[in-house]
Amino acid sequence: MSKKTSILILFVIALALALSGCGQTKYEPVAIDENVDKCPVCNMAVADDQYATEIILKNKKALKFDDLGDLHVWREQNGTDDIGEQFVRDYHTKEWVKLSEATYVFDRSIRTPMAFNVISFKEKKDAEAFVAELGKGRIMTAKELESHKWEPNEEMMKAMMSEHADAMKGMTDGGEGDVQEGGMSMDMGTGAESGE
C-alpha cells in the first residue's frame, strides 16, 4: 500500500469518527423563570437558587424541580427512558452541573425546599469542606443517590409550613415580617455557612 493510500485511509477513518460524534444529541440546562416554572411533583414555584434541579427530556422539554428529592420522585414515577440529561446546581455558586458528575451531601439538618435534605456540589472538595464545617453529613456520589431512601423530613416540613403560615398571617395583619418572594422566608440554609 502506498503512502498516499495509507494517508487517505487514515483521513477517511478520522472523518468518519468526527462525524459520528456530531450525531450525538447535546442537552443543556434551561434558565429558571421564577414567574412561570412550577415543580411537576409538588406544584410549588421553582426558585432560581442552589436547590433547583432539571431533567431535560430527549424531546428537549425541560422539567424543573425545586428540590433534588422531587426529581427522584419524578424518576420513580415516570422511569428514565425519556431522560436526555439531568442537572443540579452547585450549592455555593449555583452553576449547573450534570447530576452524574456532582458530589452530594445528605444530613437531616440540611434545609431544602421540600425537606429531602440533600444538596449538590460541583467539586468533591467543596462537599467535604461543607461536611467539615457542619460537623456531620454523609458525602454521596450520583451512583449512591440511586440507593438513597428519598423521604422528606416530616418534622422539618412541618416547621417550614408553620413558618410559612406565620409569615402569611403577618402579611394579612399588615405587618411585613420576614416575608420575601411569594410569602416564603427564603432562609433555607443550615445556618452552618457563616457569611452566606
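Since this is a predicted model, take the numbers as computed values, not measurements. Hydrogens, waters and symmetry mates play no part in the numbers below; they use all other heavy atoms, side chains included.
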Taking the side chain as every heavy atom from C-beta outward, state whether [X] and [Y] have any atom pair closer than 4.5 Å.
X	Y	result
D166	M168	no
T112	L68	no
D107	N117	no
K64	V30	yes
T141	T103	no
R138	V131	no
I110	L134	yes
E54	Q86	no

Got a sec: does the [atom1] of [X] have more than 12 other heavy atoms crowding it under 6.0 Å?
X	atom1	result
M157	CE	yes
K158	NZ	no
D82	CG	no
E155	CD	no

D90 (side chain) donor-acceptor with K122 (main chain) under 3.5 angstrom: yes
Exam field: side chain W150 to backbone L71, donor-acceptor pair closer than 3.5 Å: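 Not confirmed, W150 side chain does not pair with L71 backbone.
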Sequence-distant partners of D48, salt bridge (Lys or Arg N to Asp or Glu O under 4.0 Å), two or more places apart: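 D48: salt bridge (Lys or Arg N to Asp or Glu O under 4.0 Å) contacts with R89.
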Which residues share a salt bridge (Lys or Arg N to Asp or Glu O under 4.0 Å) with E151, sequence neighbours left out: K149
Geometric class of the F121/F130 ring pair [parallel <30°, tilted 30-60°, perpendicular >60°]: tilted
NZ or CZ of K98 within 45° of F87 ring axis and under 6.0 Å: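 No.
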Centroid-centroid under 6.0 Å between W74 and H72 rings: no
Distance, nearest 0.5 Å, that separates NE2 of H92 from CD of E123: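 Rounded to the nearest 0.5 Å, the NE2-CD separation comes out at 11.5 Å.
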Sequence-distant partners of A142, side-chain contact (heavy atoms from CB on, under 4.5 Å), two or more places apart: L99, Y104
